[in-house]
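Since the structure comes first, as C-alpha cells, the remarks are kept for the end.
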2 protein chains.
Amino acid sequence: MNVSALEEYGLRCAVQLASLAEGETLSAPEIAEREGLSIEYVSKFMLLLKRASLVRTVRGMKGGFALTRLPEEISLKDVFDALSNKRKAQDEFCKSFAGKSETCVRSSACTIRPFWEILSLYVEEFTTKMTLRDLIQSEQVTLNKTRNIAQANVEQYRKLKEMNA
Amino acid sequence: MNVSALEEYGLRCAVQLASLAEGETLSAPEIAEREGLSIEYVSKFMLLLKRASLVRTVRGMKGGFALTRLPEEISLKDVFDALSNKRKAQDEFCKSFAGKSETCVRSSACTIRPFWEILSLYVEEFTTKMTLRDLIQSEQVTLNKTRNIAQANVEQYRKLKEMNA
DNA sequence: TTAAAACAATACTTTTTTGTACGGATTTGG
DNA sequence: CCAAATCCGTACAAAAAAGTATTGTTTTAA
C-alpha cells in the first residue's frame, strides 16, 4: 500500500501554490527549485492539475501557475484524482483482474472485497476531509490535529471490536 | 494510493489457507486453480509468505502449504509486510527522494510529512486489527463490521473537526 | 528404482511507471 | 520585430513491477 510518485510530487507542487497571495503565480522553474525536482517533471504534474481544473496558468514570459480555488476548497482527494493515471471505479474492482480466468473467479465469493471497500473508504474519507489549507499550517499544528484524529479513531475501533466480540 | 499486485494476490492466497482444517495443506496448483492465477505466480507469493514464517510447507508429492498460526493470529499487516518488496521505515521517509538535491529540500519544513504519517497510521491501524479470520466470515458479516468501523471513524472525525474549528 | 507431483529458487520477458528531452506556441519587453 | 522566458504536449529512455520459464530438490508410490 503506497502512494505513487506522481501523487506525491504532484501534491507537493500543489501545496507550493497554496500559499500564494491572490493574483500571484509561481512558475515551473520556481516550483522545481523549491522542491528540488526537474523543471520538465514539474511541468508534467502541472499539466495534469490544469486538466483537472485545479490549476490555472498564465503563459508567456511572466507566466506561471495558481490554484483555481482557495486552498481550503481543494481536497487532497481532488489532487490525487487529478494525478492518478486511471481511476478504478469501485464497481470495476473485480474486472481489472490479471489472472487466467475470463471471469473473475472471486465474483461469487470475493473474500477480500469487503476489506478493500472499507480500506478505500477509510482512505477516501481522510483525503476528502484534508485540504491543501491543512497542509500549509505549521507542521506542529498539522501533526497535532492529525494525531488526534488517529487516536480517536483507534479508540473508537477498539470499543466497536469489544462490542462485537 | 493503491495496493500492489503482490499484496493483493498474496493476500488472496493467504486467505485460501485460512479456511483449512488442522493438519491440512493446499498445493500451489490448487490455490492457482481457485484464484485463477498461474502456478508459478502463486509459488512466488508462497515463497515470500514462507520466508516471513507465516506459512509452512510440505515438500514432495503430497505437499502443500499451511498457515503457521491460526487465522485470527495473522493480521493483514503481517501479510502485507511479508509481500511488500521493501518496507520504508517511517524515519526513512524523506531519504528516499527522487529529486535532484543531495539533501531532501523538504527536511526543514516538509509540508506533507504530517499527512503521510497520519495516513500511514490510519492504514496501519486498520490492517493490524483485521485478521485473516475476519476475511473468511461471510461477505455480509464482514461488510457490516467494516462499514460500522468506517462510519464510527467518520463521525468521530467530524466531531473533532468541529471542536478544532 | 523410477516416475510423477510438488516445493525452491533464480533468471528472464513483458508491461507499467518514472523521469527526461525536445520542438512548438504564447507573452513580455527592448 | 525579435529575443527571452514560459507554458504545452508528445515522444522517448530508464527503472521498477508484474508475470513467466526453467532447472533443481524432495517426497510419494508403484
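Given the structure is predicted, the values throughout are model-derived calculations rather than measurements.
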Notebook entry, point to check: Expressed in angstrom and rounded to an integer, what is the separation of Tyr9(A) atom OH from dT20(C) atom P?
Noted result: 10 Å

Check: Within this structure, what is the CZ-to-C1' distance between Phe45(B) and dC7(C), rounded to whole angstrom?
Finding: 16 Å

Check: Expressed in angstrom and rounded to an integer, what is the separation of Leu49(B) atom CG from dC7(C) atom C1'?
Finding: 14 Å

Check: Any side-chain heavy atom of Leu17(B) sitting closer than 4.5 Å to one from Met46(B)?
Finding: yes

Note to self: dT20(D), OP1 or OP2 - any side-chain N/O from Tyr41(B) closer than 4.0 Å?
What the structure shows: no

Next item on the list: Map Ala28(A) and Glu40(B) onto DNA chain D by nearest heavy atom, then report which one ends up closer to the 5' terminus.
Entry: Ala28(A)

Check nucleotides 27-30 of chain D against the protein and report each pair of N or O atoms closer than 3.5 Å, with its distance, or say if there are none.
unit_1: dT27(D); atom_1: O2; unit_2: Met61(B); atom_2: N; d: 3.2

Margin query: Are Val79(A) and Leu47(A) connected into the same hydrophobic cluster when the rule is that any two of I, L, V, M, F, W, Y join if their side-chain heavy atoms are below 4.5 Å apart?
Written below: no

Notebook entry, point to check: Looking for any heavy atom pair under 4.0 Å, which part of the strands does Lys50(B) touch: base, sugar-phosphate only, or nothing?
Noted result: sugar-phosphate

Checklist line | Minimum side-chain heavy-atom gap Asn2(A)-Asn2(B) below 4.5 Å | finding: yes

Notebook entry, point to check: Quick check: does any side chain N or O of Asp81(A) sit under 3.5 Å from a backbone N or O of Asp78(A), one acting as donor and the other as acceptor?
Noted result: no

Notebook entry, point to check: Atom CG of Asn2(A) and atom C1' of dT16(C): how far apart are they, to the nearest Å?
Noted result: 14 Å

Note to self: Keeping Thr68(B) on the side-chain end and Leu54(B) on the backbone end, is there a donor-acceptor pair under 3.5 Å?
What the structure shows: yes

Notebook entry, point to check: Does a nitrogen or oxygen in the side chain of Ser43(A) sit under 4.0 Å from OP1 or OP2 of dT6(D)?
Noted result: no

Next item on the list: Would you indicate what Arg51(B) reaches in the nucleic acid, counting non-hydrogen atoms under 4.0 angstrom: base, sugar-phosphate, or nothing?
Entry: sugar-phosphate

Note to self: Parallel, tilted or perpendicular: which one describes the rings of Tyr41(A) and Tyr9(A), with boundaries at 30° and 60°?
What the structure shows: perpendicular

Check: Rounded to the Å, how far apart are Ile31(B) CD1 and dC7(C) P?
Finding: 8 Å

Check: Taking the side chain of Pro29(A) as its heavy atoms from C-beta onward, which of dA21(C), dC7(D), dC8(D) lies nearest to it?
Finding: dC7(D)

Next item on the list: Round to the nearest Å and state the distance from Leu48(A) atom CG to dT10(D) atom P.
Entry: 12 Å

Checklist line | Phosphate OP1/OP2 of dG19(C): any Ser38(A) side-chain N/O under 4.0 Å | finding: no

Next item on the list: Nearest whole angstrom, please: distance from the C1' of dT20(C) to the CG of Leu6(A).
Entry: 14 Å

Checklist line | Spacing between Lys44(A) atom NZ and dT18(C) atom C1', to the nearest angstrom | finding: 7 Å

Next item on the list: Check salt bridge (charged side-chain N to carboxylate O under 4.0 Å, His left out) between Arg56(A) and all other residues, then give those that pass, not counting sequence neighbours.
Entry: none

